[in-house]
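The block underneath contains the structure these notes are about, expressed in structure tokens.
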Protein chains: 2
Amino acid sequence: MLEFVPQAYTRADEAFDCLQTAIVKGDLTPGEKIGEVELCSRFHLTRGPLREALGRLESRGLLVRRPHAGVKVVSVSADELIELYRIRELMEGLAARQAAERMTDAEIAALRATLDTHETMIEQAQGQAYYQAEGDYDFHHRIATGSRNTKLTQMLLGDLYYMVRMYRYRLSTSSGRPHMALGEHRNIVDAIANRDGELAEFLMKRHIHAARKNIEQKIRDGELTF
Amino acid sequence: MLEFVPQAYTRADEAFDCLQTAIVKGDLTPGEKIGEVELCSRFHLTRGPLREALGRLESRGLLVRRPHAGVKVVSVSADELIELYRIRELMEGLAARQAAERMTDAEIAALRATLDTHETMIEQAQGQAYYQAEGDYDFHHRIATGSRNTKLTQMLLGDLYYMVRMYRYRLSTSSGRPHMALGEHRNIVDAIANRDGELAEFLMKRHIHAARKNIEQKIRDGELTF
DNA sequence: ATCACACGGATTGTCAACAATCCTTCAGTA
DNA sequence: TACTGAAGGATTGTTGACAATCCGTGTGAT
């Protein structure tokens, strides 16, 4: 029956999720030195599972750890954000190409459905924040998994997206171009539906390239502060 | 005076390194279920640090872990190896471009020096194995760090290279084209030295593309078994 | 004979105390 | 007054024991 099993959720997993969302949402500010005991009391955990979670988060680059000195959330810079988008441009381009070759029709239909949801969200004005925060993430998430490329999916979902979401919360960047982004998304889905991998890759790369240019402009205008 | 400090090596780090090299070198065969206590006695560790290391290795994709069931080394497939090279092609291309823009002259000189070392190794025939095993890794390693792109470096050194090295040991693949690879390496360094990022990217992508084609051919010929 | 279920052993997950290391503070001296 | 050094406190790293969960075996019923 292929039912989704919650897969024995351990305390360490819980700790990992808690810390991750806390970092992403900015509850833990970058550079802030944080003690293990404080984290324990804050999230109602014990130090064992917490330390295991810290290890995982460190190897994912969300926090840095100096032996016997403590842990702190990674400090972020404008340059690193730009570099991140350069990487995204390449990897998501590849993901789009392979998704066009490998996604099932059902997955493509589901992808279209999410875009419809986004559209109504945007039309209802209040949706802009939602769109930028989670809707866009959902779209890219589906394409990444649709690529059937294990390592690529792992890197996008496990590394890059958390970073991107962290920056988004930090910079409170409603990137300001939801309508345009939605149109670009639709074109990408069309290319995937037509099984045109080359075009899908091109459009995806241009999509992320545009997003990067948008951010660079905002940085120059001083709209984004770090 | 900017001295390199060995940075307080903890037991968990030790465990991480031990396990990592064991996995990479094939001492731990893929799919093999491994108990924590056995690992402890084998590497003279206690379970605490070991578990922390296991967590890190899991999030890097070198092993999989099912709660209460145990850990096992990732099983590798031919397809996944190919996918890995697709990703490398893009990311190392970017690394080469940025390295051309940002490497210091001293770093470039050092890069050339390593190539000279490789050449003498190859000429002394016995060096083929060395070249493929570590020399090639060294070359790509230097370019990755030379890119000054934090996340890119992190992903290449922390994820992809370990995977590639693991496959190499597993498949005992002296990719069989050391001379050709050395020539390609020299061309890449020349492009970097000329600060021609575009060319460096092109050459690096072609270099890795060729390596992938070489592997695909061997798989077709049945020279590589999984 | 095959399947279902339960029990026991073994393994993993968790906890709290102990040891090792670092950072801060506070003298003391130039 | 500024700097060096050491001692104390606090925090992290580690350990071994305890609890929770899973896998294999064996028994019973269909």
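Computed from heavy atoms alone, side chains included, the values below leave out hydrogens, waters and symmetry copies. In the text below, chain A, chain B and the rest are named by the order of the sequence lines, each starting its count at 1.
In this entry the distance linking CG of B/L39 with P of C/dG13 reads 13 Å, nearest Å. Atoms CG (B/L50) and C1' (D/dG16) sit 15 Å apart, rounded to a whole Å. Straight-line distance from the CD atom of B/E38 to the C1' atom of C/dA10: 14 Å, rounded to whole Å. The distance from atom CZ of A/F16 to atom P of C/dG13 is 16 Å, rounded to the nearest whole Å.
Within the structure, the salt bridge (charged side-chain N to carboxylate O under 4.0 Å, His left out) test picks out the following pairs touching residues 106-116 of chain B (sequence neighbours left out): B/E107-B/R148, B/R112-B/D190, B/D116-B/R186.
Every side-chain hydrogen bond (donor to acceptor under 3.5 Å, both in side chains) that A/S59 has, sequence neighbours left out, goes to B/S59. The ring-ring contact (aromatic ring centres under 6.0 Å, His included) check on B/Y161 picks up B/Y137, with sequence neighbours excluded. Checked against side chain to side chain contact (heavy atoms under 4.5 Å, CB included), A/A12 has the following partners two or more places apart in sequence or in another chain: A/T10, A/P49, A/E52, A/R56. For A/F139, the ring-ring contact (aromatic ring centres under 6.0 Å, His included) partners at least two apart in sequence or on another chain are A/H185.
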Identify all pairs in which a protein N or O lies below 3.5 Å from an N or O of nucleotides 11-14 of chain D, and state each distance.
unit_1 : atom_1 : unit_2 : atom_2 : d
D/dT12 : OP1    : A/E36  : N      : 3.2
D/dT12 : OP2    : A/E36  : N      : 3.2
D/dT12 : O3'    : A/H68  : N      : 3.3
D/dG13 : OP2    : A/E36  : OE2    : 3.3
D/dG13 : OP2    : A/R51  : NH1    : 2.2
D/dG13 : OP2    : A/R51  : NH2    : 3.2
D/dG13 : O3'    : B/T10  : OG1    : 3.2
D/dG13 : N7     : A/R47  : NH2    : 2.7
D/dG13 : O6     : A/R47  : NH1    : 3.1
D/dT14 : OP1    : B/T10  : OG1    : 2.8
D/dT14 : OP1    : B/R11  : N      : 2.4
D/dT14 : OP2    : B/T10  : OG1    : 2.9

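The pair B/R165-B/D136 fails the salt-bridge criterion, with no side-chain N (NZ, NE, NH1 or NH2) lying under 4.0 Å from an Asp/Glu carboxylate O.
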